[in-house]
Amino acid sequence: MPNSSTQSRIYNNTLTQLKINIRQLSNEQKSLHLLLNNIALQYGKESKEYMQALELVYAVIPFKEVRQTYIAPYMSLPSSYSHVAKQIEYMRFKQHLSAIDCNISPWSNNKKTDQEFVQSLNVPTPQLIQSECEFDNIEFTDSTVIKPSFDSSSRNVFFYFNSENIVEVKTNHIFDSLEEFKAEITRRKIQGSWQTETLILNEDGKVAHDIKVYAYYGEIGAVLEIKRADKAYQCWYNAEGEILENERCSQPWFEGTGFESQVIEYAKKISLNIPAPFMRIDFYKGTDGYYLGELTPHPGRYFPEYSPELDKQLGKFFCEAEARLFKDLLEGNIFSNYLRFYQA
């Protein structure tokens, strides 16, 4: 039996080696993250190439050993509550629905239809200027939003302040000339029609903050406020407007301006009229109230940036929402207002 001094030395050596192994594992996962990002940027996160790459990763590393911040939200399925895992499960479920010609809250939703739907619920929307037009036919007017008619998650959405200040929402990239902007759109070969709407501003004449409400069939799990400047600054709240202190690790963080109960009531009303357990409902916080930004059934950008604790809480909201929705369907809720605008 080794003496205490020897035991202590063996333990310290083992601990040192363990720390080295942990650092190596962390570096390997960072490397995986970068490689997967490269594939995602080239082919897209819903592409078969990206899924094949993920399958290769999971053939070697069990999902429980892969850090959520590097790989999720695309494949991992933790055993406990997880919003990320429920989103993946729900996306797969919707693929099966689509295979039998049933489409609920599709990925690439029609922006004009979304606006008409929420207007029917007396929820304000920005003024629509042009809809379903070719890019070449867009009338470039100062202080407007330019976006594809069919898309999601702020992809290819632009704030057009004037011909020398055009900001891409998703990347915060600034085009300093209309010619440069048009050339980039041509380079991307974006298919489909476009729409333009009034840009909602705050009292300083800057872009209104986003209020992104995580709605679970009538219940609110969390609210994310976004201030768009050189970066997209974040502040997380619970449904009562209290800042979620555990989310201060989300970067970049700012002390948010908060929100009024009106936006929560709007989100609850919209959520209860959609036959889906989850919908992120995005609003602009204008000087005279809240306006719908878009309906986002599968948000991806802010997944890796909130804590495991919040992921677990939202996962529980998701499961409970599924149960309430199932109960309502059994009791005969046919979502007639939803079906006036969307073909299932």
Side-chain angles (χ1 to χ4, degrees), residues 73 81-87 89-90 104-105 109 114 117-118 120-125 152-154 208-227 232 234-248 250 253-286 289-303 305-329 333 335 337-338:
Y81 286 121
S82 168
H83 178 81
V84 169
K86 290 301 298 182
Q87 275 277 61
E89 180 183 322
Y90 185 50
I104 299 296
S105 63
N109 39 325
D114 287 348
F117 168 63
V118 303
S120 75
L121 300 172
N122 297 316
V123 176
T125 64
S152 61
S153 300
S154 299
H209 291 188
D210 290 5
I211 302 295
K212 300 178 181 292
V213 184
Y214 286 67
Y216 299 84
Y217 194 55
E219 298 292 332
I220 306 304
V223 178
L224 172 61
E225 181 178 2
I226 299 291
K227 179 179 75 171
Q234 307 178 36
C235 185
W236 287 89
Y237 308 86
N238 62 20
E240 288 70 44
E242 300 167 333
I243 289 179
L244 299 178
E245 297 294 337
N246 288 344
E247 304 312 308
R248 286 184 181 273
S250 299
W253 178 271
F254 84 111
E255 293 297 322
T257 60
F259 55 88
E260 287 73 39
S261 60
Q262 181 67 77
V263 74
I264 297 297
E265 294 309 309
Y266 285 157
K268 285 182 177 180
K269 184 187 294 185
I270 294 170
S271 175
L272 280 172
N273 278 273
I274 299 174
F278 168 74
M279 180 68 70
R280 197 187 73 191
I281 306 171
D282 301 349
F283 297 90
Y284 298 122
K285 184 182 180 181
Y290 297 90
Y291 296 83
L292 179 77
E294 64 179 17
L295 303 179
T296 307
H298 302 291
R301 181 175 181 182
Y302 303 101
F303 266 145
E305 299 176 14
Y306 57 62
S307 68
E309 291 79 15
L310 182 55
D311 180 53
K312 183 176 181 179
Q313 292 171 22
L314 297 183
K316 189 171 186 291
F317 271 100
F318 204 121
C319 291
E320 291 171 345
E322 287 180 313
R324 293 195 305 275
L325 174 59
F326 187 75
K327 179 175 182 289
D328 279 1
L329 289 169
N333 188 341
F335 294 91
N337 191 59
Y338 178 86

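We count residues from 1, following the sequence as given. Computed from a prediction, not measured in an experiment: that's the story for all the values here.
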>> Applying salt bridge (Lys or Arg N to Asp or Glu O under 4.0 Å) as the test, list every pair that has at least one member in residues 320-329; sequence neighbours left out.
In response: K86-E322, K316-E320, K327-E331
>> Can you give me the closest heavy-atom contact between N337 and S120, atom names plus distance?
In response: ND2-OG, 3.1 Å
>> If you compare all heavy atoms of N333 against all heavy atoms of L329, which two are closest, and at what distance to 0.1 Å?
In response: O-CD2, 3.6 Å
Between atom [atom1] of [X] and atom [atom2] of [Y], what is the distance when rounded to the nearest 0.5 Å?
{"X": "Y291", "Y": "T125", "atom1": "OH", "atom2": "OG1", "value": "9.0 Å"}
{"X": "N238", "Y": "Q313", "atom1": "CG", "atom2": "CD", "value": "9.0 Å"}
{"X": "F283", "Y": "I281", "atom1": "CZ", "atom2": "CD1", "value": "5.5 Å"}
{"X": "K268", "Y": "E219", "atom1": "NZ", "atom2": "CD", "value": "6.0 Å"}
{"X": "L121", "Y": "I270", "atom1": "CG", "atom2": "CD1", "value": "6.5 Å"}

For residues 271-279, which side-chain N or O atoms pair as donor and acceptor with protein atoms under 3.5 Å away, sequence neighbours left out?
unit_1, atom_1, unit_2, atom_2, d
S271, OG, Y217, N, 2.9
S271, OG, G218, N, 3.0
N273, ND2, K269, O, 2.8

Under 3.5 Å donor-acceptor pairs involving side-chain atoms of residues 254-265, not counting sequence neighbours:
unit_1, atom_1, unit_2, atom_2, d
E255, OE2, R248, NH1, 2.4
E255, OE2, R248, NH2, 3.3
E255, OE2, W253, NE1, 3.4
T257, OG1, E225, OE2, 2.5
T257, OG1, K285, NZ, 2.9
E260, OE1, Y290, OH, 2.3

> How are the rings of F318 and Y90 set to each other: parallel, tilted or perpendicular (split at 30° and 60°)?
Replying inline: perpendicular
> Aromatic rings Y216 and H83: how do their planes relate, parallel, tilted or perpendicular, breaks at 30° and 60°?
Replying inline: perpendicular
>> Checking F317 against I220 for the side-chain contact (heavy atoms from CB on, under 4.5 Å) test, could you report, in this order, the C-alpha distance in whole Å, the side-chain angles of both residues, the deciding distance, and whether it holds?
In response: CA-CA 8 Å; F317 271 100; I220 306 304; over 6 Å; no
> Can you find a heavy atom in the side chain of L292 that is under 4.5 Å from one in the side chain of F117?
Replying inline: no
> Are the side chains of W236 and I243 in touch, meaning some heavy atoms are under 4.5 Å apart?
Replying inline: no
>> Tell me every residue that passes side chain to side chain contact (heavy atoms under 4.5 Å, CB included) with K312, counting only those two or more places apart in sequence or in another chain.
In response: Y81
> D282: what forms a side chain to side chain contact (heavy atoms under 4.5 Å, CB included) with it, not counting sequence neighbours?
Replying inline: K212, R280, E294, T296
> Between I211 and Y237, is a side-chain contact (heavy atoms from CB on, under 4.5 Å) present by the stated rule, with each step listed?
Replying inline: CA-CA 10 Å; I211 302 295; Y237 308 86; 5.7 Å; no
> Hey, mind stepping through Y284 and D210 against side-chain contact (heavy atoms from CB on, under 4.5 Å) and telling me if it holds?
Replying inline: CA-CA 5 Å; Y284 298 122; D210 290 5; 3.7 Å; yes
> Considering residues at least two apart in sequence or located in another chain, which fulfil the side chain to side chain donor-acceptor pair (under 3.5 Å) criterion with Y266?
Replying inline: none
> Does the side-chain contact (heavy atoms from CB on, under 4.5 Å) test come out yes or no for H209 and I226, once each step is laid out?
Replying inline: CA-CA 6 Å; H209 291 188; I226 299 291; over 6 Å; no
>> Strictly distance-based, threshold 3.5 Å: is any side-chain N or O of E247 a donor or acceptor partner for the main-chain N or O of C235?
In response: no
